[in-house]
Structure formats: C-alpha cells, structure tokens
Participant: 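Sharing a structure with you now.
Just the heavy atoms: all of them, side chains too, but no hydrogens, waters or symmetry mates, feed the values below.
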Amino acid sequence: MLPLRRCLCALLILLPLLSLSAQARELAVEPEAMIEVEVATVGLAGPGVPVVLLREPGARAVIPIFIGTVEADAILRGLRGDRPRRPLTHELLGDVLAGLEVRLERVYVDAIVDGVFLGMLELRLGDAETPLRIDSRASDAIALGLQAGAGIRVSPQVLEAAQAIEYQGIEEQVVSALGITVTPLSDDLRDALRLPDDAGVLITGVTGDAEAAGLAPGALLLTVNGETPTTPLRFLELVRDTPPGEDARLGYWQDGEAHELSLSTAVPEPALPRPEAPTPGIRM
C-alpha cells in the first residue's frame, strides 16, 4: 500500500484532472488512424538537444521527438529497468496511478503545433467502460508510458514532421527493439559473464516473443540479418533495415553456445513494468 503522503499527493493531482477532463482538448486524430510504435532509445539533435527515438514497424527510419533532459533521463531509466532508491517525478506519478488503481493504457503523440509535439494520456479508472484522456506534453506521456508498459501511438502528421529532425547516438546508449534491450559490452562484463571475444552488444532485457523463445539477459547479440551490431544504435538500424514482410534473423551467444532466432519486426505487445530487483551481473 502506498504511504499516506503519496495518496494525498495522488488526490491533489488527480482530482483537478478529473474535474477538468470535460474541458480537455480532443485528440487531433482518431486513434485508429495512428501508428503503434515502440521506444527505441534517446539520442541528440542539434547542439545537445535530446530526442526520443521511436521505432515504426516496417519503416526505414525511426521517429525523433524533441524532449527535455529530465524526460530523457526518465526514458533511459525505463529502458534500463532502473528504479531510483527514492522515486523521482515520473516514477512517483506512476506509483500514484497504480496506488489508486488507475491504469495508463496508452499514450498518444497526436499533433505538432508551432514546433511543439502534443501528447495525450489515456487512463482507465477502475472498471470504467470509457477511458479518461488527459492532455500532456509528449515527452512526459512517453516517459510515463514506458514506465507503465503502455502502448504508444503516433499520428501521421507527427511522423511526417519528425522526418526533418537529424539526430545522432550518445555514448553508453541503451536501445530497445523487438522486445530486446541492448547496451555496449565492457571488458569487465564480458569477463564476468564468460562471453566470447566476438564483436556484438550485450542483451540486458528481454520481453515478449524473444523471451518466450528462450533469449535471456546476459547473452551476447552477435548478428542481425547476418551483420554485426557493433553498437546499440547499429542494432536499431539493422532491425529497421529488415526487408518488409520478413522476420529479423538474430544470432547470439548464450549458455556457452551459439543460437539463432527469428522475430517479427512488429511492435511487441506492451510489457508490464520491469521488476525492480536487479539482475545479478548485468545491472547497468
């Protein structure tokens, strides 16, 4: 059960939202016209401006959306599965919603106005048939959605506008695609996990079909479609370049031997939040 202070915070946050929900803006595009995407990583655009990179299934490019540094940190924590010792803003709000049995089911990035991306939270209060939609900054919506394991949809207008944004990767990048989260592999981790000297990236998180197929954290991802992902961002690029209609073919080292696996490039079903307990030996 949440402490009393958090429950009071929840009431202070949610009651005004509920009372004003009828005045909230409407989605710019119907949900059915939007495209389901997944959070891939965080990069940089221009002079150090953070962007969140979203992967659209079957597309040759990822979707960069401008965010703030606080939201960038929250998204990277979510990708790594990190939980701060004391909850920060996005973790606190996620706890508040969970404590009041309010589910964040989906987030939308539905419009761009005067260069600003607009977002929307879709909440379900208990067993209510009709969801509640709350206007939000796109960056906050994505950070909260990642923490809650909610689906993310983006409008065609946003997809088109984001194509003009140039970006680059960052050091020590963490990338997620196909339900697989990867990071660079240090020499210390290679030795600790008894991995071979082959080039590749370290798998630190697995969900969905990849997990069901037996892939596990601590494995070394060797190839994607026959090519070596030398960096996490290269892993994303190789997944993105999978020919339309084909599965991505992965080669990896796990439990002392090489394995192969084919996975659909469709966006996986939203996953439940990762457990707070660290995985021994590979917590980043």
Side-chain angles (χ1 to χ4, degrees), residues 34-82 90 107-119 136-147 151-185 200-202 204-205 221 224-225 227-242 244 248 265 267-268 284:
M34 299 193 210
I35 298 168
E36 198 88 17
V37 299
E38 68 174 342
V39 176
T41 188
V42 169
L44 297 174
V49 178
V51 290
V52 59
L53 303 182
L54 306 175
R55 185 181 72 88
E56 175 191 355
R60 304 286 292 182
V62 295
I63 308 155
I65 292 178
F66 290 114
I67 56 176
T69 54
V70 172
E71 292 76 23
D73 288 342
I75 290 169
L76 287 173
R77 287 197 304 274
L79 288 172
R80 293 191 181 103
D82 287 346
H90 293 91
V107 302
Y108 302 97
V109 183
D110 61 312
I112 180 169
V113 178
D114 297 329
V116 177
F117 292 97
L118 305 185
S136 168
R137 295 196 309 171
S139 54
D140 285 326
I142 292 170
L144 285 169
L146 185 60
Q147 295 283 350
I152 300 172
R153 288 189 179 182
V154 176
S155 72
Q157 178 199 14
V158 169
L159 293 176
E160 182 177 356
Q163 291 178 1
I165 301 174
E166 296 184 359
Y167 64 88
Q168 61 186 24
I170 58 178
E171 294 182 3
E172 299 302 317
Q173 194 166 39
V174 54
V175 169
S176 183
L178 311 179
I180 301 170
T181 302
V182 303
T183 64
L185 178 59
V201 289
L202 178 64
T204 59
L221 183 61
V224 179
N225 298 327
E227 297 190 40
T228 300
T230 53
T231 66
L233 191 59
R234 182 59 180 155
F235 162 62
L236 177 61
E237 292 170 346
L238 292 174
V239 170
R240 176 201 65 188
D241 291 342
T242 302
T265 59
V267 172
M284 302 301 292

Participant: Can you list the residues that meet the salt bridge (Lys or Arg N to Asp or Glu O under 4.0 Å) rule with R240, with sequence neighbours excluded?
Facilitator: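 R240: no salt bridge (Lys or Arg N to Asp or Glu O under 4.0 Å) contacts found.
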Participant: If I compare all heavy atoms of A45 with all of V51, which pair ends up nearest, and what's the gap?
Facilitator: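 Looks like CB-CG1, 3.7 Å.
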Participant: Under 3.5 Å, side chain of E38 to main-chain N/O of L178, donor-acceptor pair present?
Facilitator: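 Between the backbone of L178 and the side chain of E38 there is a qualifying donor-acceptor contact (under 3.5 Å).
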Participant: Can you name the residues that form a side-chain contact (heavy atoms from CB on, under 4.5 Å) with T69, not counting sequence neighbours?
Facilitator: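 With sequence neighbours excluded, T69 shows a side-chain contact (heavy atoms from CB on, under 4.5 Å) to P50, given in chain and number order.
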Participant: Checking Q173 side chain against G43 main chain: does a donor-acceptor pair fall under 3.5 Å?
Facilitator: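 A pair under 3.5 Å: no.
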Participant: Can you name the residues that form a side-chain contact (heavy atoms from CB on, under 4.5 Å) with V49, not counting sequence neighbours?
Facilitator: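 Only P47, F66 meet the side-chain contact (heavy atoms from CB on, under 4.5 Å) criterion with V49.
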Participant: Using the side-chain contact (heavy atoms from CB on, under 4.5 Å) criterion, which residues pair with E227? Sequence neighbours excluded.
Facilitator: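 E227: side-chain contact (heavy atoms from CB on, under 4.5 Å) contacts with R234, L238.
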Participant: Nearest heavy-atom pair of L79 and A40: which atoms, and what distance?
Facilitator: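 Looking at all heavy atoms of both residues, the closest pair is CD1-O, 3.8 Å.
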Participant: Sequence neighbours left out, what passes salt bridge (Lys or Arg N to Asp or Glu O under 4.0 Å) with E56? Give chain and number order.
Facilitator: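 So E56 forms no salt bridge (Lys or Arg N to Asp or Glu O under 4.0 Å) with any residue.
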Participant: For residues 152-163, pull every pair meeting salt bridge (charged side-chain N to carboxylate O under 4.0 Å, His left out), keeping only residues two or more places apart or in separate chains.
Facilitator: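 For residues 152-163: E36-R153.
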Participant: So, using side-chain contact (heavy atoms from CB on, under 4.5 Å) as the criterion, who are the partners of Q157 when residues are at least two apart?
Facilitator: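 Only A111, I112, S155 meet the side-chain contact (heavy atoms from CB on, under 4.5 Å) criterion with Q157.
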Participant: Could you give me the CA-CA distance, side-chain angles and deciding distance for L202 and V182, then say whether side chain to side chain contact (heavy atoms under 4.5 Å, CB included) is met?
Facilitator: CA-CA 5 Å; L202 178 64; V182 303; over 6 Å; no
Participant: Could you give the distance from CD1 (I63) to OH (Y167), rounded to the nearest 0.5 Å?
Facilitator: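 One gets 10.0 Å once the value is rounded to the nearest 0.5 Å.
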Participant: Tell me, please, which residues at least two apart from N225 pass side chain to side chain donor-acceptor pair (under 3.5 Å).
Facilitator: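 Checked N225 against side chain to side chain donor-acceptor pair (under 3.5 Å); matches are T242.
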Participant: Which one of V52, V37, L53, I165 satisfies the side-chain contact (heavy atoms from CB on, under 4.5 Å) criterion with I65?
Facilitator: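 Single pass found, and it is V52.
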Participant: Suppose we screen for salt bridge (Lys or Arg N to Asp or Glu O under 4.0 Å). Which residues come up paired with D73, at least two apart in sequence or across chains?
Facilitator: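 Salt bridge (Lys or Arg N to Asp or Glu O under 4.0 Å) check on D73 returns nothing, list empty.
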Participant: Once rounded to the nearest 0.5 Å, what's the spacing between atom OG of S136 and atom CG of L144?
Facilitator: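 Reported value, rounded in 0.5 Å steps: 6.5 Å.
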Participant: Could you pull out all residues at least two apart from S139 that satisfy side chain to side chain donor-acceptor pair (under 3.5 Å)?
Facilitator: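 If we apply the side chain to side chain donor-acceptor pair (under 3.5 Å) test to S139, skipping adjacent residues, there are no hits.
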Participant: For T41 and V174, indicate whether the former's side chain and the latter's backbone hold a donor-acceptor pair under 3.5 Å.
Facilitator: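 Yes, because the side chain of T41 sits within donor-acceptor range (under 3.5 Å) of the backbone of V174.
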Participant: In this structure, which one of L118, V154, V158 forms a side-chain contact (heavy atoms from CB on, under 4.5 Å) with D110?
Facilitator: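 Single pass found, and it is L118.
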Participant: Between F117 and P64, which heavy-atom pair has the shortest distance, and what is it?
Facilitator: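 Nearest heavy atoms, F117 then P64: CZ-O, 4.3 Å.
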